[in-house]
Undergrad: 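Just passing along the structure, written as C-alpha cells.
Order of listing sets the numbers, starting from 1, for every ligand and every atom in it. The figures that follow rest on heavy atoms only: side chains count, while hydrogens, waters and symmetry mates do not. Computed from a prediction, not measured in an experiment: that's the story for all the values here.
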Amino acid sequence: MIQSDKGADPPDKKDMKLSTATNPQNGLSQILRLVLQELSLFYSRDVNGVCLLYDLLHSPWLQALLKIYDCLQEFKEKKLVPATPHAQALSYEVVELLRETPTSPEIQELRQMLQAPHFKALLSAHDTIAQKDFEPLLPPLPDNIPESEEAMRIVCLVKNQQPLDFLVAKSIGPSFLLRLLYAGDKLVEVNGVSVEGLDPEQVIHILGSSDGTIRHVLIASLCTCHQVYVRAMTEYWPQEDPDIPCMDAGLPFQKGDILQIVDQNDALWWQARKISDPATCAGLVPSNHLLKRKQREFWWSQPYQPHTCLKSTLCEYYDMKIDEKCVEAVISPVWFLCFVHFPSLAGFRRSMRLCRRKSHLSPLHASVCCTGSCYSAVGAPYEEVVRYQRRPSDKYRLIVLMGPSGVGVNELRRQLIEFNPSHFQSAVPHTTRTKKSYEMNGREYHYVSKETFESLIYSHRMLEYGEYKGHLYGTSVDAVQTVLDERKICVMDLEPQDIQVVRTHELKPYVIFIKPSNMRCMKQSRKNAKIITDYFVDMKFKDEDLQEMENLAQRMETQFGQFFDHVIVNDSLHDACAQLLSAIQKAQEEPQWVPATWISSDTES
Ligand SMILES: Nc1ncnc2c1ncn2[C@@H]1O[C@H](COP(=O)(O)OP(=O)(O)OP(=O)(O)O)[C@@H](O)[C@H]1O
C-alpha cells in the first residue's frame with residue numbers, strides 16, 4: 001500500500017512542473033500537473049484519502065509513463081515518415097567513403113561513432129521500424145517429418161541483422177519461446193550441415209557466421225522429453241471463475257480433454273494447451289492443488305449427502321425409471337447350443353445389467369466400493385497420462401463396452417465374438433447358483449460357494465458382480481486374465497461405476513461408450529428390435545424406453561465421459577460393428593493416452 005509521509009513538506013510548486021511534451025494544453029502530463037496543483041490545497045488540510053491520491057499521481061513511474069504516452073501521441077500526430085528505411089546500409093556506405101578521404105580527427109571520430117556496436121544496433125532498430133518488419137519470416141516446416149521420431153525437433157531461429165547477435169524465435173506463444181531449446185538438447189544439424197562430433201567452438205562459429213533463418217535439428221535431451229500431459233477429470237470454464245487473474249488468458253476444458261502442461265512453476269496457475277488444438281496458444285488453468293481446493297469448496301457448499309462418492313455417480317443414475325429388465329441369467333437351451341458350438345461365447349449371458357446396478361446399492365457393495373481409491377479417482381482433477389503403444393509381445397488390452405441399457409452393448413459384443421471367435425472372447429463369469437445338468441464348470445460359469453464369491457469381492461478380485469434371485473453373478477480379474485493369457489482380446493460390458501476397478505496397469509482397459517443416436521433415428525432403427533425381460537418376451541421398444549436411453553446416455557457421458565477412450569453411436573448396427581472393429585484395432589496397435597501409473601508400474605515390474 002502506498003503511504004503518505006504526513007511529516008513531509010507540502011509539495012513545492014516547482015516539484016509539480018512536469019516536463020511535458022510540446023503540446024502541454026492537451027498532454028496528459030499537463031492534466032496530471034493541474035490535478036496535482038488542485039490536490040496540494042487539500043493535502044495541507046489532510047482531507048481523507050487525498051494524501052494517498054497525491055502520492056499515487058506524484059509517483060515517478062506514473063509520470064514517466066505519461067510522458068512516454070505524450071511523446072507517442074505527439075509522434076503519432078506528426079505522422080513522421082522515415083527519411084530512409086535503409087539507414088544501416090547508408091551508414092556502411094558513409095564509413096567506406098570516409099576510409100578513402102584523408103583522415104582528420106573529426107573524420108576519425110565520425111567513423112568510430114558509425115562503427116560502434118550500439119550505434120549500429122540503433123540504426124538496425126530504426127530500419128526494422130521503418131520497414132515495419134516486426135515479425136521474423138520462418139520457412140514452412142518440411143512435410144516429411146517422421147511422426148514416430150518424437151525426440152527429434154526442428155527449431156528455426158531468425159537471426160536479425162543486428163550486430164549484437166540477437167536471435168529471435170517465432171513460436172506459438174510466449175511460454176513456448178523458452179521451450180524451443182532446452183539445456184541438454186543435442187544439436188545435430190545447422191542449416192542442413194551436420195555438426196555431430198564438432199567442438200562447441202566450431203558449432204558456435206557456424207552459428208555466428210550464419211545469417212537470417214537458421215534451421216536447427218535437435219535431439220531432445222531425455223530429461224526435457226518428460227513433458228507433462230494430463231487428462232482433465234473435470235471441466236473448467238474460466239468465464240465462470242472469479243479467481244482467475246486474467247479471464248481472457250484462461251483455457252476452458254472439458255472432461256477427458258488431454259492437456260499439455262507447459263508451465264507448472266506457479267503454485268496456483270499453470271499454463272496448458274489442448275493437444276486436440278495444437279494451433280492455439282497456451283492458456284491459464286488452475287493447478288492441481290487449486291482445482292482440488294475449488295472442488296472441495298464446491299463439495300462443502302452442497303447440501304449433505306450420505307455416500308457422496310456414490311451419490312454423484314450412482315444415485316441419480318438409479319433414480320431413472322427403467323422397465324423391469326432383469327432378464328434371465330439362466331442359460332436357455334438355445335444358449336446352451338450356442339456354447340457347444342461357440343465355446344468363446346461362454347459367459348455370454350443376456351443382460352444382467354440392471355441386477356448389477358441394483359446390487360451396487362447393497363451394503364456389501366458400498367463397503368467394498370467406498371475405498372480411498374474410489375474417492376481419490378473421482379476427486380483428482382487431473383490424471384497424468386502418457387502415450388502408450390502396445391508392443392506385439394504384450395498382452396492385448398481389455399476392451400470394455402459401456403452404454404445405457406438397451407443401446408446394443410450385448411448385441412455388438414455378440415456380433416464381434418461371432419465375427420472372429422478365435423480372436424475375441426468374453427470372460428467366463430462366476431456364480432453361486434448350482435450347476436445345471438447340461439453345464440460344465442468353467443465353460444458357462446465358474447460355480448463357487450457364496451463364501452468364496454464374497455471373499456473374491458472383499459479382496460477386490462471381482463471386476464463386476466450382481467445378485468439375481470438370491471444368487472451372485474460376476475466377472476473376476478482372473479477370468480479376464482485367462483482370456484488375455486491365451487493371447488485373445490477380452491471384451492466385457494461394464495457399468496460405469498465399476499470403471500475404477502478395471503483401470504489397472506495389468507488390464508489397461510480401453511473403454512468404448514456405446515451411445516444411442518437421436519430419437520428419430522432410433523425409432524427407425526429399433527423398429528423391429530426386441531427387449532427380452534422377465535415378464536415379456538420379445539417386447540418392442542416404446543418411445544419412453546428410447547427417451548430413457550437417451551437421457552441415461554447423457555448422464556453417463558456427463559458423469560463418466562472422462563473415462564471414455566472412444567464413443568460409437570449405435571444407429572446402424574452394421575456401421576457400429578465396423579466402427580467397433582476399427583476402434584479395437586486402433587486400441588491394440590496405435591499409440592493411446594493411458595494413465596502414467598500404468599506405465600511406471602510396467603517398468604517397475
Ligand atoms: N443398431 C441396432 N439396430 C437395431 N437393433 C439393435 C441395434 N443395436 C441393438 N439392437 C437390438 O436392440 C435390442 C437390445 O440390444 P442389447 O440387448 O444389445 O442391449 P444392451 O445394451 O445390451 O442392453 P441390456 O443390457 O439392457 O440388454 C436387441 O434386440 C438388439 O438386437
Side-chain angles (χ1 to χ4, degrees), residues 317-318 320-332 334-335 338 345 347-360 399-419 424 426-427 429 464-468 473-475 491-498 511-557 560 564 567-583:
Y317 174 51
Y318 293 131
M320 300 206 62
K321 237 184 119 326
I322 305 171
D323 273 353
E324 271 303 306
K325 286 208 286 176
C326 295
V327 290
E328 177 58 82
V330 179
I331 310 226
S332 69
V334 178
W335 278 100
C338 285
L345 284 181
F348 205 95
R349 62 225 188 274
R350 289 297 308 162
S351 171
M352 275 217 354
R353 300 205 283 153
L354 192 61
C355 320
R356 289 204 304 246
R357 283 165 209 158
K358 287 189 166 168
S359 305
H360 276 286
I399 301 295
V400 173
L401 302 185
M402 210 167 262
S405 186
V407 75
V409 164
N410 273 302
E411 183 65 51
L412 285 168
R413 191 160 65 110
R414 184 166 46 245
Q415 297 230 353
L416 191 70
I417 294 171
E418 276 176 13
F419 171 74
F424 301 108
S426 286
E464 50 93 23
Y465 59 90
E467 199 174 324
Y468 182 68
Y473 296 84
T475 311
V491 189
M492 72 182 295
D493 69 280
L494 210 62
E495 296 306 317
Q497 69 277 359
D498 289 324
V511 180
I512 301 175
F513 181 61
I514 310 295
K515 191 177 165 172
S517 55
N518 61 47
M519 278 289 282
R520 196 174 48 80
C521 296
M522 290 289 283
K523 274 188 195 172
Q524 183 60 28
S525 65
R526 303 303 195 274
K527 226 170 28 194
N528 302 315
K530 310 275 167 48
I531 322 170
I532 304 169
T533 73
D534 260 358
Y535 308 109
F536 307 100
V537 174
D538 290 356
M539 192 184 84
K540 286 205 167 192
F541 279 99
K542 295 196 295 275
D543 283 2
E544 306 95 84
D545 295 326
L546 299 177
Q547 187 58 58
E548 275 175 14
M549 202 193 292
E550 195 177 307
N551 296 346
L552 194 50
Q554 264 173 19
R555 285 174 190 230
M556 281 182 167
E557 262 192 311
F560 300 98
F564 303 160
V567 177
I568 293 177
V569 177
N570 183 16
D571 189 14
S572 139
L573 194 54
H574 179 266
D575 289 355
C577 278
Q579 285 177 40
L580 182 59
L581 265 171
S582 136

Undergrad: Just go through N570, N410, D575 and tell me whose heavy atom is the nearest to atom 1 (N) of ligand 1.
TA: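 Looking at heavy atoms only, N570 sits closest to atom 1 (N) of ligand 1.
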Undergrad: Distance from L546 atom CG to N518 atom CG, nearest 0.5 Å?
TA: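 The distance works out to 11.0 Å.
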Undergrad: Under a heavy-atom criterion of less than 4.0 Å, does D571 contact ligand 1?
TA: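 Flag set, D571 near ligand 1.
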Undergrad: From I568 CD1 over to L580 CG, what is the distance, rounded to the nearest 0.5 angstrom?
TA: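 Result: 4.5 Å between the selected atoms.
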Undergrad: Check each of S572, G403, G408 against atom 19 (O) of ligand 1 and report the one with the nearest heavy atom.
TA: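 The residue whose heavy atom sits nearest atom 19 (O) of ligand 1 is G408.
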Undergrad: Just how far is it from atom CD of E550 to atom CE of M522, taken to the nearest 0.5 Å?
TA: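 Those atoms lie 8.5 Å apart.
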Undergrad: Report yes or no: do N551 and Q547 form a side-chain donor-acceptor pair below 3.5 Å?
TA: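 N551 vs Q547: donor-acceptor pair found between side chains.
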Undergrad: Backbone or side chain, does any N or O of F541 fall under 3.5 Å from an N or O of ligand 1?
TA: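 N/O-N/O distance under 3.5 Å: no.
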Undergrad: Would you please determine whether A576 falls within less than 4.0 Å of ligand 1 on a heavy-atom basis?
TA: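 A576 does not count as a contact of ligand 1 under the 4.0 Å cut-off.
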Undergrad: Report the member of R526, E495, R413, Q415 with the shortest heavy-atom distance to atom 10 (N) of ligand 1.
TA: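 Nearest heavy atom to atom 10 (N) of ligand 1 lies in R526.
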Undergrad: Numbering the atoms of ligand 1 from 1, which are under 4.0 Å from a heavy atom of A529?
TA: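 Near A529, meaning under 4.0 Å from one of its heavy atoms, ligand 1 has 5 (N), 11 (C), 12 (O).
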Undergrad: Do any nitrogen or oxygen atoms of L412 lie less than 3.5 angstrom from nitrogen or oxygen atoms of ligand 1?
TA: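 By distance alone, the answer is no.
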Undergrad: With atoms numbered from 1 as shown, which atoms in ligand 1 lie under 4.0 angstrom from a non-hydrogen atom of S405?
TA: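 This gives 23 (O), 24 (P), 26 (O) as the contact atoms.
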Undergrad: Using modelled atom types only, decide if a donor and an acceptor are shared between the side chain of N570 and the backbone of V407 within a distance under 3.5 Å.
TA: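 Judged by distance alone, yes, a pair lies under 3.5 Å.
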Undergrad: Taking atom CG of L494 and atom CD1 of I399, what is their separation to the nearest 0.5 Å?
TA: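 If we round to the nearest 0.5 Å, L494:CG and I399:CD1 are 13.0 Å apart.
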Undergrad: Quick one: does ligand 1 sit under 4.0 Å from the side chain of D493, the backbone, both or neither, non-hydrogen atoms only?
TA: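 No part of D493 is near ligand 1 at this cut-off.
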Undergrad: In Å, rounded to the nearest 0.5 Å, how long is the span from CG of D571 to CZ of R526?
TA: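 Going from the CG atom of D571 to the CZ atom of R526 covers 7.0 Å.
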